[in-house]
S.K.: 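Handing you this structure, nothing more for now.
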Amino acid sequence: MDLKLSGNFYTRGVHTVAKELLGKLLVRGIKGSILSGIIVEVEAYDGSIDEAAHTFRGRTARNEVMYQKGGVLYVYFTYGMHYCCNVVTGKGNEGKAVLIRAIEPVQGIARMCINRFSKEEITQKEYTNLTNGPAKVCKALGIGRKENGTVLTGQEIYIIDRSVPSGEEIGVSKRIGIKKSVDLPWRYYIKDNRFVSKK
DNA sequence: CCACGGATTGGCT
DNA sequence: GCCAATCCGTGGA
């Protein structure tokens, strides 16, 4: 039976949570319908030692949510046009979170196509392009500024436990798109999955 | 297939 | 004023 992850899943270490999020189902309940996808790529951010984390230089209005107790969503706006979402981890006041970089669409795919491309009929290329990047995930699932701070044990956004199919391997690499702390091997992904943004 | 650059807002130095 | 945890279109190989 599928079960929503409870608060104590998220209050653990950021790398433990990051790795365990792979293979689980991210669910977006919106206007009575369900959009969902399997998490296939994540990155860990740890403000205590990681210059690329938004919390590295301490508390600001923008990163406030990242200091909350694990189990809330930290959504930030970047490059003047994109939103990206993170799962906050830890016992509180830690400034650590896991960036959701890619999902494999499961439910509500037609809705996701409309959210991303403003049409329901898409090509194979566009299908691969639907949710293979952090801002694409947010666009497809309808996650934006209003969702910042959303509690993951509610009805709007939550994650369902799901056993990872045998044979799937986890890859580890440096993170993507950052200019500081570039060598930390804090990106985790499911090998050979079509929706992983980069090998 | 790969490399490059433009888009466009807001947070911080 | 600078520049970002990105995406997409363009142009060349």
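Reminder, nothing fancy here: chain letters follow the sequence lines and each chain counts from 1. What you see is a predicted model; the values in this text were computed from it and never measured.
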S.K.: Which whole-number value in Å describes the distance from A:Tyr83 OH to C:dA4 C1'?
M.R.: 15 Å

S.K.: A:Ile178 side chain: which of B:dA7, B:dG10, C:dA5 is closest?
M.R.: C:dA5

S.K.: Using Watson-Crick or G-U wobble pairs with both distances under 3.5 Å, give me DNA chain B in dot-bracket, 5' to 3', with [ ] for crossers and | for pairs to another strand.
M.R.: |||||||.||||.

S.K.: Nearest whole Å is fine: how far is B:dG11 C1' from A:His54 NE2?
M.R.: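 Going from NE2 in A:His54 over to C1' in B:dG11 covers 10 Å.
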
S.K.: Looking only at the side chain of A:Asn86 (C-beta and beyond, no hydrogens), which of the listed nucleotides B:dA7, C:dA5, C:dC7 gets closest?
M.R.: C:dA5

S.K.: May I ask you to verify whether the side chain of A:Tyr76 and the base of C:dA5 hold a donor-acceptor pair under 3.5 Å?
M.R.: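 Checked by distance alone, the answer is yes.
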
S.K.: In this structure, how many angstroms lie between the P atom of C:dC7 and the CG atom of A:Leu130, rounded?
M.R.: 12 Å

S.K.: Taking the side chain as everything from C-beta on, heavy atoms only, tell me whether A:Arg57 gets closer than 4.5 Å to A:Glu51.
M.R.: yes

S.K.: For A:Lys179 and A:Ala135, find the nucleotide of DNA chain C closest to each by heavy atoms; which residue's nucleotide sits nearer the 5' end?
M.R.: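 Closer to the 5' end of DNA chain C: A:Lys179.
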
S.K.: With sugar-phosphate meaning primed atoms plus P, OP1 and OP2, does A:Arg175 contact a base, only sugar-phosphate, or nothing at under 4.0 Å between heavy atoms?
M.R.: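 Answer is nothing: A:Arg175 stays at 4.0 Å or more from every strand.
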
S.K.: Just to verify, which of A:Asp46, A:Val14, A:Val42, A:Ile178 counts as forming a side chain to side chain contact (heavy atoms under 4.5 Å, CB included) with A:Trp186?
M.R.: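 So the option named by the test is A:Asp46.
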
S.K.: Looking at A:Arg116, I'd like to know whether one of its side-chain N or O atoms comes within less than 4.0 Å of OP1 or OP2 on C:dC8.
M.R.: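 For C:dC8, OP1 or OP2 has a side-chain N or O of A:Arg116 closer than 4.0 Å.
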
S.K.: Provide the closest heavy-atom pair for A:Arg28 versus A:Glu147 in the form atom of the first, atom of the second, distance.
M.R.: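 The answer is NH2-OE2, 3.2 Å.
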
S.K.: Name the one of A:Lys191, A:Lys19, A:Lys198, A:Arg187 that satisfies salt bridge (Lys or Arg N to Asp or Glu O under 4.0 Å) with A:Glu41?
M.R.: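 In the set A:Lys191, A:Lys19, A:Lys198, A:Arg187, the residue that makes a salt bridge (Lys or Arg N to Asp or Glu O under 4.0 Å) with A:Glu41 is A:Arg187.
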
S.K.: Whole-Å distance between C:dA5 P and A:Asp46 CG?
M.R.: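 Interatomic distance, CG of A:Asp46 to P of C:dA5: 16 Å.
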
S.K.: Respond yes when some side-chain nitrogen or oxygen of A:Lys136 is under 4.0 Å from OP1 or OP2 of C:dC8, and no when none is.
M.R.: yes

S.K.: Side chains of A:Ile109 and A:Leu130: closer than 4.5 Å at any heavy-atom pair?
M.R.: yes

S.K.: Do the side chains of A:Arg175 and A:Glu43 get close enough for a salt bridge, i.e. N-O under 4.0 angstrom?
M.R.: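 No, no charged N to carboxylate O under 4.0 Å.
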
S.K.: Of the candidate nucleotides C:dC7, B:dG10, B:dA7, which contains the atom at the shortest distance from the side chain of A:His82?
M.R.: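 Selected nucleotide: C:dC7.
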
S.K.: Report yes if a side-chain nitrogen or oxygen of A:Arg187 is closer than 4.0 Å to either non-bridging phosphate oxygen (OP1 or OP2) of C:dA5; otherwise report no.
M.R.: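 Answer no for this pair, as no side-chain N or O of A:Arg187 is under 4.0 Å from OP1 or OP2.
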
S.K.: Could you tell me whether the phosphate oxygens of B:dC12, OP1 or OP2, come under 4.0 Å of any side-chain nitrogen or oxygen in A:Thr60?
M.R.: yes

S.K.: Check this for me, if you would: do A:Glu120 and A:Arg111 make a salt bridge, where the nitrogen-to-carboxylate-oxygen distance has to be below 4.0 angstrom?
M.R.: no

S.K.: State yes or no: do A:Tyr127 and A:Ile38 share one hydrophobic cluster built from I, L, V, M, F, W and Y residues joined by side-chain heavy-atom distances below 4.5 Å, directly or via other members?
M.R.: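 Yes, because A:Tyr127 and A:Ile38 connect within a single hydrophobic cluster, where side-chain heavy atoms sit under 4.5 Å apart.
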
S.K.: Figure out the OH/C1' separation between A:Tyr79 and B:dA7, and round it to whole Å.
M.R.: 12 Å

S.K.: What is the distance from CD of A:Glu126 to P of C:dC8, rounded to the nearest Å?
M.R.: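 About 10 Å, once rounded to whole Å.
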
S.K.: Could you check which of B:dG10, C:dC8, B:dA7 has an atom nearest any side-chain atom of A:Asn129?
M.R.: C:dC8

S.K.: Which nucleotide wins on minimum distance to the side chain of A:Phe77, given the candidates C:dA5, B:dT9, B:dA7?
M.R.: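 The answer is B:dT9.
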
S.K.: Can you tell me how far P of C:dC7 sits from CZ of A:Phe117, to the nearest Å?
M.R.: 11 Å

S.K.: Rounded to the nearest Å, what distance is computed from the NZ atom of residue A:Lys198 to the P atom of nucleotide C:dC7?
M.R.: 13 Å

